[in-house]
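Here is the structure we will look at, set down as structure tokens.
All residue numbers refer to positions in the sequence shown, counting from 1.
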Amino acid sequence: MAKQGTILVVDDNKGIVQILDELFCPYYKILTAFNGKEAFDLCLSQIPSLVISDIYMPEMNGIELCSAIKSTKAVSYTHLRAHETLANL
């Protein structure tokens, strides 16, 4: 099966990243990052179709990441999804 697009998974919890990678990798090309700054750099170089991001992360949080993506013309069309794990609620 041909992969349909690229998803960037961003979370400082490596277990969450691994679960989402395993879930989506049969269908999509998966990029991973462990903080918002690393994710933003990947967005600029790889231009993913979708970003799934944690909210609370070091260096740049998920809200700041979403704002940076939306204010950057080259990637502003990217679909965003921010989440928080149950452990942090």
Side-chain angles (χ1 to χ4, degrees):
M1 173 183 254
K3 296 193 178 188
Q4 298 297 312
T6 302
I7 298 175
L8 172 57
V9 177
V10 190
D11 200 307
D12 56 336
N13 181 328
K14 293 182 180 182
I16 298 288
V17 171
Q18 183 178 0
I19 289 168
L20 292 173
D21 183 21
E22 291 172 5
L23 179 67
F24 292 119
C25 75
Y27 311 103
Y28 302 93
K29 177 182 175 185
I30 304 298
L31 305 171
T32 59
F34 301 102
N35 66 62
K37 180 170 180 348
E38 182 182 355
F40 186 66
D41 292 341
L42 273 173
C43 277
L44 295 177
S45 65
Q46 301 293 315
I47 309 180
S49 306
L50 173 67
V51 176
I52 301 173
S53 176
D54 187 14
I55 294 174
Y56 298 106
M57 298 179 293
E59 294 192 51
M60 178 189 283
N61 69 42
I63 303 300
E64 294 167 331
L65 172 61
C66 289
S67 180
I69 290 170
K70 285 300 180 187
S71 66
T72 303
K73 188 174 183 176
V75 291
S76 63
Y77 66 88
T78 300
H79 297 282
L80 304 171
R81 169 73 171 103
H83 72 90
E84 183 52 50
T85 60
L86 291 176
N88 293 330
L89 293 177

Show your working on side chain to side chain contact (heavy atoms under 4.5 Å, CB included) between Phe40 and Thr72 and close with a plain yes or no.
-> CA-CA 10 Å; Phe40 186 66; Thr72 303; 3.4 Å; yes

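The NZ atom of Lys29 sits 11.0 Å away from the CG atom of Leu8 when rounded to the nearest 0.5 Å.
Hydrophobic clustering keeps Tyr28 apart from Ile19 (ILVMFWY residues linked when any side-chain heavy atoms are closer than 4.5 Å, directly or through intermediates). Leu23 and Ile30 fall within a single hydrophobic cluster, where Ile, Leu, Val, Met, Phe, Trp and Tyr side chains are chained together by heavy-atom contacts under 4.5 Å.
Side-chain contact between Val9 and Asp21 is absent, with no heavy atoms from C-beta onward closer than 4.5 Å. Taking 4.5 Å as the limit, some side-chain heavy atom of Glu64 sits within range of a side-chain heavy atom of Asn61. Here the side chains of Pro58 and Asp12 are in contact, with some heavy-atom distance below 4.5 Å.
Between the side chain of Glu38 and the main chain of Phe34, a donor-acceptor pair closer than 3.5 Å is present. Panel note: side chain Asn13, backbone Ile16; a donor-acceptor pair is recorded below 3.5 Å.
Across all their heavy atoms, Ser49 and Gly5 have their closest contact at OG-CA, 4.1 Å. Between Thr32 and Leu42, the shortest heavy-atom distance links the atoms O-CD1, 3.4 Å. Nearest heavy atom pair, residue Ile7 against residue Ile52, reads CG2-CD1, 4.0 Å. The shortest non-hydrogen separation linking Ala39 to Val10 is CB-CG2, 3.4 Å. Here the shortest heavy-atom pairing between Pro48 and Cys43 reads CD-CA, 3.7 Å. Of all heavy-atom pairs spanning Asn35 and Lys37, the tightest one is OD1-N, 3.0 Å.
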